[in-house]
Structure formats: C-alpha cells, structure tokens
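Chain A is the first sequence line, chain B the second, and so forth, proteins listed ahead of strands; every chain is numbered from 1. Excluded from the calculations below are hydrogen atoms, water molecules and symmetry mates; all remaining heavy atoms, backbone and side chain alike, are included.
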Amino acid sequence: MKQKYISIIAQTIVTIIGIVMFVVAQGFEDFNGNNAYISSSYYPSIICCLIVIFGVWGIIEDVVTIKQGNSEAKFKIGNTRNLFLVLGAAVFVLMMWQFFSLFYPSIFIAVAVLMYFLRPTQENKMKHIGFCLLISTILLFLFYAIFDLALQVHL
Amino acid sequence: MGNLLFGFSVIADPICFLWIVIGTVLGLFIGALPGVGPAAGCALLLSVTYKMDSIPAICLMISLYMAAMYGGSISSIVLSVPGSGASVATIQDGAPMAHAGYPGKALGYSLTASSIGGIIGCIVLSMLTAPLAVLCLKLSDPEVFLITLFGLLSVSSVSSTTVPKTMLSILLGLLMATVGLDTFTGAARYCTGIPSLYDGFETVSILIGMFAISEVLKMASSKKQERVKPMREGLSTKLTWKEIKYILPTTIWSALVGVIVGIVPALGGGTASWLCYTTAKRRSKHPETFGKGEPIGIAAPEAANNAVVGGSLIPFIVLGIPGSEVIAVVSSALIMHGIQPGPTVINNHPDLVYGIFACLFVATILMYFFGRYTTALWARLLTLPDYVLLVFVLFLGMVGSYASRGQIFDVWVTIIFGVVWYFIDKVGFSKAAFILSYILAYLFESKFRRSLTISHGNYAIFVNRPFCVVILCIIVVTFVGGAVRKALDNKTKAAK
C-alpha cells in the first residue's frame with residue numbers, strides 16, 4: 001500500500017479522535033462554577049478543534065499529492081514475523097504477570113523463546129538452546145538484582 | 001565563579017560523583033550501540049532514578065547524555081553505522097579515515113572535539129543561565145505562555161515532516177497531557193472511569209513506550225543484515241599537539257554554533273552537527289578533502305553535538321522549556337522528584353542548578369579520560385548482537401514502566417504506546433514535537449488559563465503588553481518563515 005494512503009488513514013483517525021474528544025470534553029463536570037475561561041473543558045476543546053483543522057489540512061494535502069502523482073513511496077512494515085514475536089512475548093509476560101503474578105517464570109520463558117527464534121539458526125541445536133537458556137537465566141538474575149534487591153521493587 | 005564552586009561542592013558527595021561516573025560509562029556504552037540513543041537510555045533510567053535523590057538522579061542522566069554524544073561517534077567511525085542521529089555527520093569523514101587505517105586517529109579527533117565542545121557548552125551555560133533567569137523572573141503568565149507557544153511552534157518550523165503532521169503531533173501531546181484530574185477545577189478529564197488515569201498517564205510509561213519499545217519494534221522489524229565486524233586494531237586515540245592545533249579553531253566555532261542551536265527547542269545534536277559540517281566544508285580552503293577522511297570534518301560535527309548539551313539546558317533551567325528530547329526526559333525526572341523547572345528553580349534549588357553545571361564539567365572531563373583509555377573496549381562491545389540488546393531493552397522497559405508506580409496498567413500503556421508510535425512514526429509524525437509538547441503541556445495550559453483568569457477571559461492580554469508583542473512577532477516570523485521554507489522545499493522536490 002502507498003505511504004500516502006496510510007498517511008490519510010492515520011490523519012483521519014486522529015481527526016476522529018479530535019471530534020470524539022471534543023464531544024467528551026463538553027461533558028466534564030466542574031466543581032467551582034461555570035466560569036467559561038477556566039472551565040475544565042475550555043482548553044481541551046480548543047486543542048480538539050485545532051486537531052480537526054490540522055487533520056483536515058493534512059488529509060487535503062495528501063489527497064492533492066496523490067492526484068499530482070507524487071506518491072510513489074510504499075508503506076513497509078519490514079520483518080512482520082519478528083515484530084509479532086516480540087509483541088507476543090511482551091503480551092504473554094504481561095498477562096502472566098497481571099493475572100497469575102508470575103513475572104519471573106514468564107520472563108524466563110519469553111526471553112528463551114525470543115532468543116531461540118531471533119538468533120540466527122545454529123548448526124548445533126543443543127548449543128543453540130543452551131545459549132538461549134543461559135541468556136534467559138542471566139537476564140532473570142539481572143532483573144532480580146536490579147529491581148527486587150537494589151530498588152526494592154517487587155515484581 | 002563562586003556559584004560554580006558551590007556546584008562542585010554539591011557533587012563532591014561520593015555518591016553523587018559515583019553516579020556521574022556510572023552515567024558517563026553508561027553513556028559511552030549506550031551511545032556506541034547503534035539503535036539505542038541517549039533519549040532511550042535516559043528513559044530506561046527513569047525507573048532507577050525514581051528511588052534516588054534529585055541531584056544524583058539528574059547528574060546520572062546529564063552525564064549519560066554528554067558521554068552518549070561522543071559514544072555515538074565510536075560506531076560511526078569503527079562500524080560506519082551511526083550510534084545516534086547526532087553522529088550521522090561524523091561518518092562522512094570518520095569512516096573514510098578509519099578505512100584508511102587510522103580509526104584511532106579518527107576517534108582521537110572526535111574525542112578531543114567532543115570534549116572541547118562539551119566544555120564550551122558548560123562555560124556558556126554557566127555564564128548565561130543566572131542573568132537570563134533574573135530576566136525571566138520578571139515575566140508574567142501571558143509572556144511565559146507565549147514563550148512556551150514559541151517553543152512548541154519552533155519545533156514545527158524546523159521539523160522535517162509536513163506542517164499539519166508536526167502540528168498534529170504537538171496537539172496530540174497537549175491533549176494527552178489533559179487526561180486526569182484538572183488541577184484548576186478538580187474535574188476528571190478523559191478518565192473513562194479508570195482509577196489509574198486520575199493522575200494522568202505516567203510520564204515514564206509514555207517515554208519508555210516512545211523511546212524504548214518503538215525502537216525495539218524497529219530493530220525487530222528491520223531486515224536481517226550482516227553485522228559489520230568492528231575494527232580491533234589501531235584504536236589508540238592519542239593526538240599530537242600539531243593535530244589538535246589543526247582542528248582547534250573549527251572546533252571552537254562549531255561548539256559556539258552548537259550551543260546556539262541547542263537553545264532552540266527540538267533542533268538538537270543532529271541539526272547542529274550537519275550545520276557545522278557543511279559550514280566547515282564551505283569555509284575550508286580544501287573542500288575536496290571532505291568525505292575522504294578530513295580531520296575537520298570529524299571535529300566540526302562532534303564539537304557541535306556535545307556543545308548542544310549545554311545549550312539545550314539553558315532554556316530548560318531558565319524557562320522550563322526542554323531544548324531537546326533528552327532534556328525533555330530529564331525534565332520529567334525532575335518533575336517526578338517534585339521540582340518544576342523554570343526561572344524560580346535557580347532560587348529555590350540552587351544546589352541542583354549549580355550541581356548540574358559542575359556535573360557537566362566533570363562528566364566532560366571523565367568522558368575524555370574514559371574515552372581516551374576505554375574506546376577500544378567499547379569498539380569491541382559493538383559485537384553485541386541485536387537480538388540480545390532487543391530482548392534486554394524490551395523487558396527492562398516493561399519493568400521500568402512498572403517500577404515507577406507499581407501498576408501493571410502503566411506497562412500496558414507503555415506497550416500500546418510503543419506499538420502505536422512505531423506505526424505513527426512511519427507515517428511521518430514528529431516524535432520530538434510530541435514529547436516536547438507533552439512535557440510542556442502543564443506549563444502551557446496553566447499559564448494560558450491563569451492569563452485568561454487575570455483578564456476575565458479577554459484575549460487582549462496576549463497582545464497589549466510590549467514584551468508579548470515582541471514574542472508574538474518572533475512567533476509569526478518563525479512560523480511563517482518555516483512554512484514558506486517547507487513550501488519552497490516541496491516545490492523544488494516536485495520540480496526535480
């Protein structure tokens with residue numbers, strides 16, 4: 001897909017966010033009167049209006065660029081496999097941490113799995129797995145030393 | 001001078017000095033690693049500084065920033081891959097000199113110029129801050145609001161993206177900062193019933209998401225490339241007096257230009273180094289030697305990007321406006337410690353301000369000595385594979401985000417924000433604009449609303465004071481000038 005189309009989609013989303021936030025802002029409840037220039041919705045409303053103005057400006061600019069035929073650049077995400085691996089590992093750790101309070105076991109598994117798939121494949125599989133587990137263990141103890149022991153942040 | 005000595009007495013505390021040493025070493029390491037810049041380094045450190053006193057915390061970050069600016073040149077020279085955006089210009093002559101068999105000389109020129117640039121930045125910072133702060137104390141709410149507005153708009157005029165996208169980045173930063181309880185009226189804004197949002201988004205989570213997680217995703221999604229093996233021989237950074245004398249004049253003026261560039265919000269080290277590199281080439285009697293290993297081509301950008309550190313601290317201390325992304329992160333660390341940067345900080349926390357000056361001097365000197373004797377070690381560490389770095393930064397970022405408030409909600413914010421920013425960055429939104437506006441949002445809104453309260457809602461308060469008119473004129477010139485420049489650039493590109 002062309003970069004400019006993605007750009008239009010992104011700016012449309014931002015413009016919609018501006019409109020929604022503007023509507024939400026009208027419902028803020030103040031506790032000290034209705035003085036318009038210090039009400040809590042006054043400033044966010046201005047910001048939202050400006051978002052809509054610049055969003056529309058940006059969309060028009062991109063549409064004009066596409067019509068002029070200056071939009072050859074393609075939108076590239078790159079290595080999606082690695083991207084989803086990293087995100088999957090992060091979400092796995094978060095879920096285990098939030099719902100089962102298993103931070104250290106989950107991080108051990110996530111690091112080992114990530115290392116296994118991200119590291120270029122080695123000829124000797126056992127060595128490869130051993131290396132991943134070693135890095136995983138080192139990171140585990142590093143986090144424990146920095147946060148639990150030194151900073152008293154219990155994970 | 002007395003104030004500076006007071007600053008030295010503040011950082012003479014062994015704990016504080018130890019953090020400066022740690023910051024310098026970490027800065028060299030983080031700067032040397034391609035992909036992890038000083039902003040990401042400082043953002044990751046935020047969770048550690050949470051438990052520290054304010055002065056050691058700020059000293060740690062400032063020394064990291066200073067050392068990372070030189071550290072970036074190590075990978076530029078040894079690996080031909082820039083460690084950070086500020087060291088891209090160094091590749092032009094650093095890499096050819098290294099390939100010609102003199103990596104040590106190239107690193108020596110870079111280190112010497114960086115150190116001189118850093119010291120000049122410190123001197124200008126120490127000389128200008130106190131008088132400017134006295135002047136700024138006389139400013140009232142409308143003037144401070146307009147100066148903040150100028151800071152925000154100047155980002156849009158120098159940003160490489162289009163005007164609407166930069167403005168949207170600024171406005172999104174301002175809007176995001178409104179989430180939470182309104183300090184004026186007590187109303188809950190955009191909290192959607194989530195208790196964690198009553199205090200607003202945790203700044204640490206936002207910063208880690210933007211600087212660390214989005215960078216991790218960039219690293220993960222980049223196509224696999226063969227890592228270039230760094231050079232291991234001839235890394236001695238020793239220079240003769242004759243060699244130092246050759247680069248000295250260029251180094252000094254580049255440093256002065258770097259300080260000036262640093263004062264303008266969001267311009268940063270990248271702009272300063274390119275500006276000084278191209279100027280040095282234009283002024284040279286032998287411009288044909290540039291790009292082939294010319295020592296001045298290494299010294300000019302390196303002196304400039306280190307001088308930017310001192311320059312970017314001036315508006316931060318004097319007005320509370322961060323001069324760069326890294327200073328925006330430092331600013332959030334200060335706010336975390338209950339200190340609001342601005343003209344009053346020099347009177348309320350002189351130990352902190354003069355401690356920062358002294359810290360910069362000490363960090364620059366330490367950077368020189370560590371750089372002189374440990375550069376070979378950092379060059380070897382460049383063999384650290386991307387996947388190890390990626391995994392470490394990802395989970396350190398997540399834990400760092402949790403450590404600030406002890407809430408898993410913040411970690412979700414970090415991850416979601418990192419993912420969103422990864423995509424939004426590809427479309428051309430400005431990271432610098434967003435982060436500066438997010439950090440400045442409180443100052444911006446409070447001054448705006450206070451001004452309107454004083455004037456009973458009359459907007460004339462922003463135009464009927466002489467100083468306000470001057471600032472408004474500067475804003476119009478900067479904004480219109482930036483827009484015209486961009487329009488001309490676009491026309492030239494279209495014509496080509």
*Asks:* Please report the interatomic distance OG1(B:T148) to CZ(B:F145), rounded to the nearest 0.5 Å.
*Replies:*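 Interatomic distance, B:T148 OG1 to B:F145 CZ, rounded to 0.5 Å: 7.5 Å.
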
*Asks:* Can you tell me which portion of A:I107 sits under 4.5 Å from chain B's heavy atoms? Options are side chain, backbone, both or neither.
*Replies:* side chain

*Asks:* Which residues pass the side-chain contact (heavy atoms from CB on, under 4.5 Å) test with A:S106, sequence neighbours left out?
*Replies:* A:F92, A:V93, A:M96

*Asks:* Please classify the contact between B:L394 and chain A as side chain, backbone, both or neither, with a heavy-atom cut-off of under 4.5 Å.
*Replies:* side chain

*Asks:* Quick check against the 3.5 Å criterion: does B:K165 have a side-chain atom that pairs as donor or acceptor with the backbone of B:V427?
*Replies:*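 Looks like yes, one N/O pair under 3.5 Å.
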
*Asks:* Is chain A contacted by the side chain of B:I415, its backbone, both, or neither, given a heavy-atom distance below 4.5 Å?
*Replies:*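 Just its side chain gets close to chain A.
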
*Asks:* Does A:F131 have A:R119 sitting over its ring (NZ/CZ under 6.0 Å from centre, angle to axis within 45°)?
*Replies:*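 Pair A:R119/A:F131 counts as cation-pi.
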
*Asks:* Mind checking whether B:Y459 and B:F462 have parallel, tilted or perpendicular rings, split at 30° and 60°?
*Replies:* tilted

*Asks:* Do you know which of B:T178, B:L396, B:V388 has the most heavy-atom pairs with chain A at a distance under 4.5 angstrom?
*Replies:* B:L396

*Asks:* Ignoring hydrogens and angles, state whether a donor on the side chain of A:D148 or A:Y104 is under 3.5 Å from an acceptor on the partner side chain.
*Replies:*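 On atom types as modelled, these side chains qualify, holding a pair under 3.5 Å.
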
*Asks:* What part of B:F409 is in contact with chain A, defined as an atom under 4.5 angstrom from a non-hydrogen atom: side chain, backbone, both or neither?
*Replies:* neither

*Asks:* Below 4.5 Å from any heavy atom of chain B, which atoms of A:T80 appear? Answer side chain, backbone, both or neither.
*Replies:* neither

*Asks:* For the side chain of B:H337 and the backbone of B:T49, is there at least one donor-acceptor N/O pair under 3.5 Å apart?
*Replies:* yes

*Asks:* Going by atom types alone, do B:T185 and B:D182 pair a side-chain donor with an acceptor below 3.5 Å?
*Replies:* yes

*Asks:* Quick check on the interface: out of A:C48, A:P44, A:A110, who has the most heavy-atom pairs with chain B under 4.5 Å?
*Replies:*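 Of the candidates given, the most pairs with chain B belong to A:P44.
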
*Asks:* Just jot down the ring-ring contact (aromatic ring centres under 6.0 Å, His included) partners of A:F28, sequence neighbours excluded, or say none.
*Replies:*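 ring-ring contact (aromatic ring centres under 6.0 Å, His included) list for A:F28, sorted by chain: B:Y190.
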
*Asks:* If you tally heavy-atom pairs under 4.5 Å against chain A, which of B:V216, B:V411, B:I213 wins?
*Replies:* B:V411

*Asks:* Can you tell me which of B:F423, B:W412, B:F392 forms the most heavy-atom pairs within a distance under 4.5 Å of chain A?
*Replies:*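 Answer, by heavy-atom pair count under 4.5 Å with chain A: B:W412.
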
*Asks:* Check each atom of A:V14 against the heavy atoms of chain B and say whether the ones under 4.5 Å are side chain, backbone, both or neither.
*Replies:* side chain

*Asks:* Can you say whether A:F103 sits under 4.5 Å from chain B via the side chain, the backbone, both, or neither, judging by heavy atoms?
*Replies:* side chain

*Asks:* In terms of heavy-atom pairs under 4.5 Å, which option from A:G18, A:S7, A:A10 contacts chain B the most?
*Replies:* A:S7

*Asks:* Flag the pair B:S446 / B:F184 as yes when at least one side-chain heavy-atom distance between them is below 4.5 Å, and no otherwise.
*Replies:* yes

*Asks:* Taking only heavy atoms into account, what residues of residues 134-144 of chain A are found under 4.5 Å from chain B?
*Replies:*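 Those residues of residues 134-144 of chain A which have a heavy atom under 4.5 Å from chain B are A:L139, A:L142, A:F143.
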
*Asks:* For A:S40, enumerate each residue passing the side chain to side chain donor-acceptor pair (under 3.5 Å) test, keeping only those at least two apart in sequence or located in another chain.
*Replies:* A:D30

*Asks:* Does any backbone or side-chain atom of B:L390 lie under 4.5 Å from a heavy atom of chain A? Answer side chain, backbone, both or neither.
*Replies:* side chain

*Asks:* May I ask you to check whether over 12 heavy atoms, not counting those of B:D53, lie within 6.0 Å of atom CG?
*Replies:* no

